[in-house]
Amino acid sequence: MIVAAKAPVLAIDGPGGSGKGTVGQILAQRLGWHFLDSGALYRVVGVVATRERVSLEDRPALARLATSMDIRFVPRTDGGAAAVLLHGGDIGDQLRTEESGKLASIVAAIPEVRSALLQKQHSFRRLPGLVADGRDMGSTVFPDAILKVYLSASPEVRAERRYKQLIDKGFDVNLPRLLDEIRERDARDAGRAVSPLKPAQDACILDTSQLDISGVVERVYGLLLQRRPG
Ligand code: DC
């Protein structure tokens with residue numbers, strides 16, 4: 001019997017603003033692997049639930065919504081953030097706001113939503129490989145990842161990074177409020193009962209506070225080469 005090779009997974013976890021999304025996309029491009037932005041899945045559930053007036057208390061309805069979503073990511077050739085298509089329509093712009101991050105963090109604490117999204121996340125695992133970014137890629141979704149990296153940085157550094165990103169995109173933001181939101185989101189993500197934000201036992205923890213994006217990319221790439229020479 002021929003057993004199909006399982007695609008290798010590079011799991012990159014960490015709190016918001018740790019740089020995992022940017023680092024993950026650059027590495028996926030360099031390796032020619034697929035990329036999963038798992039946070040976008042939770043953001044879509046939060047945004048669509050609000051749009052369709054589904055109560056954030058109605059767990060079965062939120063789980064049905066998560067199961068029925070047809071989500072696709074279309075990578076951009078210029079290296080920018082991938083377009084997120086929901087039932088064929090681009091909703092990427094609605095996902096990048098702080099409000100959608102907050103909604104995502106709320107729905108992500110619901111066990112029924114997490115299990116509804118588990119299979120969807122597994123379906124992104126295809127050859128030649130997958131770079132998966134999120135909070136529980138190494139601990140729960142892809143426990144057999146060939147490399148698990150957990151990127152950390154202080155809330156102040158992350159707030160500063162987010163501030164610059166949002167200002168560059170033309171959003172009107174307030175740094176102290178952003179820092180409060182980051183702390184609030186960290187507490188909710190780390191305090192929930194299911195798949196809380198924490199490094200997998202066998203994760204390599206990398207503090208990115210003093211590193212720029214290319215510094216983090218090179219470190220993670222180096223770790224991957226140690227696991228997979230050539
Ligand atoms: O990575 P992000 O900022 O797009 O994630 C938004 C929220 O989604 C985050 O606050 C927690 C939740 N999330 C999660 O619980 N598990 C994941 N694998 C990814 C995101």
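As the structure lists them, so they are numbered: ligands from 1, and atoms in each ligand from 1.
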Counting each atom of ligand 1 from 1 as listed, which ones have a heavy atom of [X] under 4.0 Å away?
X	value
Arg43	2 (P), 3 (O), 4 (O), 6 (C)
Met137	18 (N)
Ala104	6 (C), 7 (C), 8 (O)
Gly134	18 (N), 19 (C)

With heavy atoms only and a cut-off of under 4.0 Å, state how [X] meets ligand 1: side chain, backbone, both or neither.
X	result
Lys20	side chain
Arg96	neither
Arg185	side chain

For [atom], what is the closest protein heavy atom, and at what distance to 0.1 Å?
atom	result
atom 19 (C) of ligand 1	Ser38 OG, 3.4 Å
atom 1 (O) of ligand 1	Arg135 NH1, 2.8 Å
atom 12 (C) of ligand 1	Ala108 CB, 3.6 Å
atom 16 (N) of ligand 1	Arg114 NH2, 3.0 Å
atom 20 (C) of ligand 1	Gly39 CA, 3.5 Å

- [ ] Could you tell me which residues satisfy salt bridge (charged side-chain N to carboxylate O under 4.0 Å, His left out) with Arg185, sequence neighbours excluded, listed by chain and number?
- [x] none
Is any NZ, NE, NH1 or NH2 atom of the basic residue among [X] and [Y] found under 4.0 Å from an Asp or Glu carboxylate oxygen of the other?
X	Y	value
Lys148	Asp202	yes
Asp13	Arg135	no
Glu184	Arg188	yes
Arg114	Asp136	yes

- [ ] Tell me, please, whether Tyr221 has Arg30 positioned over its six-membered ring: NZ or CZ under 6.0 Å from the ring centre and within 45 degrees of its axis?
- [x] yes
Open item on the list: If I compare all heavy atoms of Val47 with all of Ser100, which pair ends up nearest, and what's the gap?
Closed with: CG2-CB, 3.6 Å
TODO: Run the contact test for Arg192 against ligand 1 with a 4.0 Å cut-off on heavy atoms, strictly below, and give the result.
DONE: yes
- [ ] Among Phe142, Phe73, Phe35, Trp33, find the residue that satisfies the ring pair (Phe, Tyr, Trp, His ring centres under 6.0 Å) test when tested with Phe124.
- [x] Phe73
Task: Exam field: side chain Ser105 to backbone Gly101, donor-acceptor pair closer than 3.5 Å - done: no
Open item on the list: Just to be sure I'm reading this right: ignoring hydrogens, which of Val45, Leu41, Asp136, Asp37 gets closest to atom 18 (N) of ligand 1? Compare them by their nearest heavy atoms.
Closed with: Asp136
